[in-house]
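For clarity, every value in this text was computed on a predicted model and none was experimentally measured. Ligands are counted one by one from 1 in listed order, and the atoms in each one are counted from 1 as well.
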Amino acid sequence: RAKASLGTDVCFYEEEMDEAVRNRRRMAQQMREALDQGQFSLNWQLQAAVDTGDITGYEVLLRWIQPDGTFISPADFIPLAEENGLILPIGEWVLRTACAEAASWTEPHKIAVNLSPVQLGHVDLPRLVHQVLVETGLSPSRLELEITETAMITDMERTTHVLRQLKLLGVSIAMDDFGTGYSSLSTLRAFPFDKIKLDRSFMSELDGGPQSAAIIRAVLALGESLHIPVLAEGVETLEQLAFLRDQGCDEVQGYLLGRPQKTAEAEVQAAARVLWAVDPSMEKAA
Ligand code: C2E
Ligand code: MG
Ligand code: MG
Ligand code: MG
């Protein structure tokens, strides 16, 4: 029995592998075309101060819509782009396009651009960022770069060196998805981040029991003693917002305030302000 079925299993396995390899090749080819043919675009999601409701900035999120209208999530194509190196030209396109667009705004809001660990490890990033800032005329103080812990653990020494060089340009650095990795705490020790972005999983599990609330409080206390502002990601309800406000969280981002949008419009900002206008009955409104 063992031999026969093992044979078929291996055969199925190989077929599936071939299929997976073919799919990845096809997707890589499609990504190259997407970049050439302008299928990538940017979305903007606002970030707001918890105490006032003022807009503090916009996170830039990459979108890929294929010619037939198919939407492919960055969570699906970025890992592949990181493997085959396409993240380098794609990431450069994101940075340049986002800075150019933000430089044309009437309101000088900050923008937050996501950086892949691959970009940190494979390009002369400080030079690229400097070049893009000069080219677009965006003030460095308006640019925040978000990095995840993965970038830090692959080569901590090199990464902190690059981050220090970036800071010398006048840009700020945020730690993204905080709390999801293996070494979030030692990452904070290695580099003086300008912001901690608490991963949205803590927000979504806030109703599920006391654990998430305790962890959020602990991270807020940590941020306070390290003098690093904390932004909570994935805020979807007024209860979550009220909880964060009571706990002294600095900034929020999430569907409650605004979905990622094609443009960073004034109407979106106005909508966010409405939430704070209902205060102090914010909890009741929910
Ligand atoms: P991220 O940097 O943590 O971005 C936040 C993600 O959470 C975005 O997903 C956003 O749409 C989503 N989000 C925001 N508010 C809420 C909410 O209230 N509820 C829920 N459920 N989700 C919310 P998105 O746009 O699908 O991006 C996924 C990830 O892809 C990003 O996570 C980031 O790691 C990566 N990514 C996106 N754009 C870029 C880029 O230009 N370069 C790189 N390297 N990575 C990018
Ligand atoms: Mg991010
Ligand atoms: Mg995040
Ligand atoms: Mg994330």
Side-chain angles (χ1 to χ4, degrees), residues 31 34-35 39-48 56-65 71-99 101-102 110-123 125 128-129 132 143-151 154 172-181 184 187 193-207 219 230-241 244 251-262 264 268 271-272 275:
M31 267 194 285
L35 197 57
Q39 294 169 23
F40 288 119
S41 59
L42 301 180
N43 268 5
W44 305 82
Q45 188 179 34
L46 69 84
Q47 305 174 327
T56 52
Y58 287 86
E59 180 172 4
V60 180
L61 295 160
L62 182 58
R63 294 292 175 260
W64 178 11
I65 299 161
F71 173 90
I72 304 179
S73 165
D76 294 330
F77 69 83
I78 284 176
L80 180 59
E82 286 175 332
E83 266 173 50
N84 62 27
L86 277 171
I87 192 64
L88 297 178
I90 294 174
E92 184 171 337
W93 179 86
V94 170
L95 183 69
R96 188 168 273 117
T97 310
C99 290
E101 191 168 331
K110 283 186 77 163
I111 61 166
V113 175
N114 290 286
L115 284 186
S116 158
V118 178
Q119 288 174 279
L120 273 156
H122 285 76
V123 272
L125 203 59
L128 174 66
V129 171
V132 168
L143 179 61
E144 184 161 81
L145 299 171
E146 296 191 0
I147 71 150
T148 53
E149 185 185 287
T150 322
T154 26
S172 52
I173 313 287
M175 165 101 290
D176 201 0
D177 301 343
F178 185 78
T180 51
S184 297
T187 301
F193 287 92
D194 298 291
K195 188 181 286 181
I196 294 171
K197 297 192 75 181
L198 181 62
D199 191 70
R200 65 179 149 90
S201 57
F202 297 104
M203 222 43 57
S204 57
E205 284 155 19
L206 192 52
D207 305 329
V219 173
V230 178
L231 177 148
E233 299 187 288
V235 177
E236 294 183 355
T237 68
L238 281 166
E239 287 99 325
Q240 291 169 346
L241 179 61
L244 292 164
E251 289 178 45
V252 279
Q253 180 181 342
Y255 293 167
L256 177 69
L257 295 106
R259 297 241 166 195
Q261 307 265 336
K262 280 206 191 70
V268 180
L275 291 172

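Contacts between Arg200 and ligand 1 below 4.0 angstrom, taking non-hydrogen atoms only, involve the side chain exclusively. The part of Val235 lying near ligand 1 is the backbone, judged by heavy-atom distances below 4.0 Å. Under 4.0 angstrom from ligand 1, there are no non-hydrogen atoms of Asp199. Contact annotation: for Ile78 versus ligand 1, heavy atoms closer than 4.0 Å belong to the side chain alone. At a 4.0 Å heavy-atom cut-off, ligand 1 touches Asn114 through backbone and side chain alike.
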Practice task
List the steps and the verdict of side chain to side chain donor-acceptor pair (under 3.5 Å) for Glu59 and Asn114.
Solution key: CA-CA 8 Å; Glu59 180 172 4; Asn114 290 286; 2.8 Å; yes
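Checked against a 3.5 angstrom limit, the closest N/O atoms of Glu233 and ligand 1 fall inside it. For ligand 1, one of its N or O atoms has an N or O atom of Glu236 under 3.5 Å away. Residue Leu115 has no N or O atom closer than 3.5 Å to an N or O atom of ligand 1.
Evaluation of the side chain to side chain donor-acceptor pair (under 3.5 Å) rule for Arg63 yields no partner, not counting sequence neighbours.
Between the Glu149 side chain and the Ser184 main chain, a donor and an acceptor come within less than 3.5 Å of each other. Without hydrogens or angle criteria, Gln240 side chain to Met203 main chain gives a donor-acceptor distance under 3.5 Å.
Shown in contact with Asp176 at under 4.0 Å from a heavy atom are these atoms of ligand 1, numbered in order with element: 1 (P), 2 (O), 3 (O). Less than 4.0 angstrom separates some heavy atom of Ser116 from each of these atoms of ligand 1: 44 (N). Listed by atom number, the atoms of ligand 1 under 4.0 Å from Gln45 heavy atoms are 14 (C), 15 (N). Counting the atoms of ligand 1 from 1 in the order shown, those under 4.0 Å from a heavy atom of Pro260 are 11 (O). Close contacts of ligand 1 with Gly234, meaning ligand atoms under 4.0 Å from a residue heavy atom, involve 16 (C), 17 (C), 18 (O). Every atom of ligand 1 with a heavy atom of Asp177 under 4.0 Å away is listed here by number and element: 3 (O). Short contacts between ligand 1 and Val94, defined as distances under 4.0 Å to a heavy atom of the residue, involve ligand atoms 41 (O).
Between the choices Leu61, Thr180, Thr237, the shortest heavy-atom distance to atom 4 (O) of ligand 1 belongs to Leu61. The option from Ala81, Pro74, Ala232, Pro79 that lies nearest to atom 30 (O) of ligand 1, judged by heavy atoms, is Pro74.
Among the heteroatoms counted here (N, O or S) of Glu146, OE1 is the one nearest to the Mg ion (ligand 2). The nearest N/O/S atom of Asp177 to the Mg ion (ligand 3) is OD1.
Two residues are said to be in side-chain contact when any heavy atoms from C-beta on lie closer than 4.5 Å; Phe193 and Ile147 meet this criterion. Between Glu239 and Asp207, the closest side-chain pair of non-hydrogen atoms is not below 4.5 Å. The closest side-chain heavy-atom distance from Phe202 to Glu233 is not below 4.5 Å. Residues Gln45 and Leu257 have side chains not in contact (no heavy-atom distance under 4.5 Å, counting atoms from C-beta outward). Using a 4.5 Å heavy-atom cutoff, the side chains of Val129 and Leu143 are in contact. Looking only at side-chain heavy atoms (C-beta outward), Tyr58 and Leu46 come within less than 4.5 Å of each other. The shortest distance between side-chain heavy atoms of Ile111 and Trp44 falls below 4.5 Å. Side-chain contact between Leu42 and Trp93 is present, with heavy atoms from C-beta onward closer than 4.5 Å.
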For residues 72-82, please give each side-chain donor-acceptor pair under 3.5 Å, one per line with the distance, not counting sequence neighbours.
residue : atom : partner : partner atom : Å
Ser73   : OG   : Ala75   : N            : 3.1
Glu82   : OE2  : Ser116  : OG           : 2.8

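Between Arg63 and ligand 1 there is a heavy-atom distance shorter than 4.0 Å. Residue Glu59 places a heavy atom under 4.0 Å from ligand 1. Residue contact annotation: Gly91 has no non-hydrogen atom under 4.0 Å from ligand 1.
Here the Mg ion (ligand 2) is the vertex; the OE2 atom in Glu59 and the OD1 atom in Asn114 give an angle of 90° (to 10°). Annotation: angle subtended at the Mg ion (ligand 3) by Glu233 OE2 and Asp176 OD1 is 100°, to 10°.
Checked against Thr56 for a side-chain hydrogen bond (donor to acceptor under 3.5 Å, both in side chains), the options Glu144, Gln47, Gln253, Glu251 give a single hit: Glu251.
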